[in-house]
Each structure stands twice: as C-alpha cells, then as structure tokens.
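Report on the structure given below.
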Amino acid sequence: MDQAWLKAHVRDVLDYPKPGIVFKDITPLLGAADAFRATVDALAEPFAATRVDKVIGIEARGFVFAAPVSYGLHAGFVPVRKPGKLPWEIEREEYVLEYGTDLLEIHRDAISPGELVLVVDDVIATGGTAAATARLVERLGGDVVGFAFVLELGFLHGREQIDGYQVHTLVTYD
Ligand code: AMP
C-alpha cells in the first residue's frame, strides 16, 4: 500500500467539527473504486491467516470498512454504536474522544465467549474509542485478535491506549 497514494484520497477539513480539529474526510477515498478496494484488502491482509469470528465496525465510518473486511475474512459483522441506536439488550462503555466524551454500545448477544474479534475503524486518534471497544468485547467473553485502522494520527499516541494488541494502520500522520 503506497501511503502517499492513499493520503492523496483523504481530504483535510480544517476546524470541523470544532475549531482546532483537522478532520480527516475519507469520502474521496470511498468514492475512488481502486483506492477503496485497495484499502479494504490492505486492512484485512494481516489477518487473512488468522481465525477471525467477528469483525466489529465502529459507528459510523467504521461500518463502511468493517463490512467488506468481514465479508473477505468470512467472518460475521458486528456494529458498535452510539447510545440509543441498538434495539436489543446492550453493554455500554464510556470513552473519551478527541473532541468530547461519549458512550458506545454493543448487543449482548453479538459476541459469544471465546470468539476472536477484529476491530476496524477509519481513524485512530486518541485511542479512547478503540480501548472502549476492546473492553466491550472482553466483557462479553470475546478475545480481540487485533485492530485495523485506515488512518493513524500518530501525534495523539492512541496506540498507547491499546498497548499489547496487534495494531495495523495503513497511513500515519506524524
Ligand atoms: P479516538 O477515540 O480519539 O481515537 O477517536 C477515534 C474516532 O473518532 C474514530 O471513530 C474516528 O472516526 C473519529 N475521529 C477522531 N478524530 C478524527 C479526525 N481528526 N478526523 C476524522 N475522524 C476522527
């Protein structure tokens, strides 16, 4: 995966959604057939020889990448969502975002004890979302086999929040 080529498909939007934030807009990447395919393939590639039972997508942009990754790995897809969106019984975790705090929810029956889980999202920033998702998986008895992110904001050191796990990112911004 050519980092410069992938970066060329990501648009920086200044001061969105708040002043001081540089938002990484991946919609140009999604709209470019070759870049989207290459991104999905590259996210899944390190886990191709690993047993993966479930791939988690984190609302909302994580869904877009996690769904095709789960298809490619012959795994199930599980959504982790913002509060109040899931209709069945849930587990909930609080997390700190680059711009605020929020809650994440998962269906209690989405992961069975002993299942191996890959977590996919578009961006790792502070790592709070990823760490909260790992806590949800582990509370349900699942094991996190790794994380895959398209973009890593390296200057926020989010990896430190998920120390000890396999973390795969395609592009890093220092
Ligand atoms: P964090 O918990 O700080 O690692 O934030 C990760 C989550 O917030 C991901 O679901 C991203 O989609 C979103 N996010 C955080 N910062 C940015 C950013 N600068 N550009 C785009 N998305 C972001």
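Both counts, for ligands and for their atoms, begin at 1 and track the order of listing. Residue indices begin at 1 and follow the sequence shown.
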Report all side-chain donor-acceptor pairs from residues 43-56 shorter than 3.5 Å, counting only partners two or more places apart or in another chain.
residue : atom : partner : partner atom : Å
Arg51   : NE   : Asp53   : OD1          : 3.2
Arg51   : NE   : Asp53   : OD2          : 3.2
Arg51   : NH2  : Asp53   : OD2          : 2.7
Arg51   : NH2  : Gly114  : O            : 3.4
Asp53   : OD2  : Leu116  : N            : 2.8
Lys54   : NZ   : Ala110  : O            : 2.9
Lys54   : NZ   : Glu115  : OE1          : 2.8
Lys54   : NZ   : Glu115  : OE2          : 3.3

### Query
So, are Glu105 and Arg81 salt-bridged, with charged N and O less than 4.0 Å apart?
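Here Glu105 does not pair with Arg81 in a salt bridge, since their nearest N and O are not under 4.0 Å apart.
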
### Task
Look at Glu91 together with Arg135 and state whether they make a salt bridge at an N to O cut-off of under 4.0 Å.
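No, no charged N to carboxylate O under 4.0 Å.
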
Within the structure, does [X] bring an N/O atom to less than 3.5 angstrom of an N/O atom in ligand 1?
| X | answer |
| --- | --- |
| Ala130 | no |
| Val123 | no |
| Asp122 | yes |

### Task
Please verify whether a non-hydrogen atom of Gly158 lies at under 4.0 Å from ligand 1.
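Per 4.0 Å heavy-atom rule, Gly158 does not contact ligand 1.
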
### Message
With the threshold set at under 4.0 angstrom, would you say Leu153 reaches ligand 1 through any of its heavy atoms?
### Response
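For ligand 1, residue contact (heavy atoms, under 4.0 Å) with Leu153 is present.
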
### Task
Could you pull out, from Ile21, Val22, Thr133, the option with a heavy atom nearest to atom 19 (N) of ligand 1?
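Answer by nearest heavy atom: Val22.
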
### Query
Of Thr129, Asp121, Leu104, which has the heavy atom at the shortest distance from atom 9 (C) of ligand 1?
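Shortest heavy-atom distance from atom 9 (C) of ligand 1: Asp121.
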
Closer than 4.0 Å to some heavy atom of [X] - which atoms of ligand 1 meet that?
| X | value |
| --- | --- |
| Thr126 | 1 (P), 2 (O), 3 (O), 4 (O) |
| Ala125 | 1 (P), 3 (O), 4 (O), 5 (O), 15 (C), 16 (N) |
| Arg61 | 11 (C), 12 (O), 13 (C), 22 (N) |

Show me, pair by pair, the donor-acceptor contacts under 3.5 angstrom made by side chains of residues 24-37, not counting sequence neighbours?
residue : atom : partner : partner atom : Å
Lys24   : NZ   : Asp12   : OD1          : 2.7
Lys24   : NZ   : Asp12   : OD2          : 3.3
Asp25   : OD1  : Thr27   : N            : 3.1
Asp25   : OD1  : Thr27   : OG1          : 2.9
Asp25   : OD2  : Arg11   : NE           : 2.9
Asp25   : OD2  : Arg11   : NH2          : 2.8
Asp25   : OD2  : Thr27   : OG1          : 3.2
Thr27   : OG1  : Arg11   : NH2          : 3.4

### Message
Going by side-chain contact (heavy atoms from CB on, under 4.5 Å), Thr133 matches just one of Ile162, Leu104, Val117. Which one?
### Response
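Filter result, single survivor: Leu104.
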
### Task
For the pair Phe77 and Phe63, evaluate side-chain contact (heavy atoms from CB on, under 4.5 Å) and give the outcome as yes or no after the intermediate values.
CA-CA 9 Å; Phe77 170 82; Phe63 293 173; 3.8 Å; yes

### Task
Classify the ring geometry between His9 and Trp5 as parallel (under 30°), tilted (30 to 60°) or perpendicular (over 60°).
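Ring orientation, 0 to 90° scale: perpendicular.
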
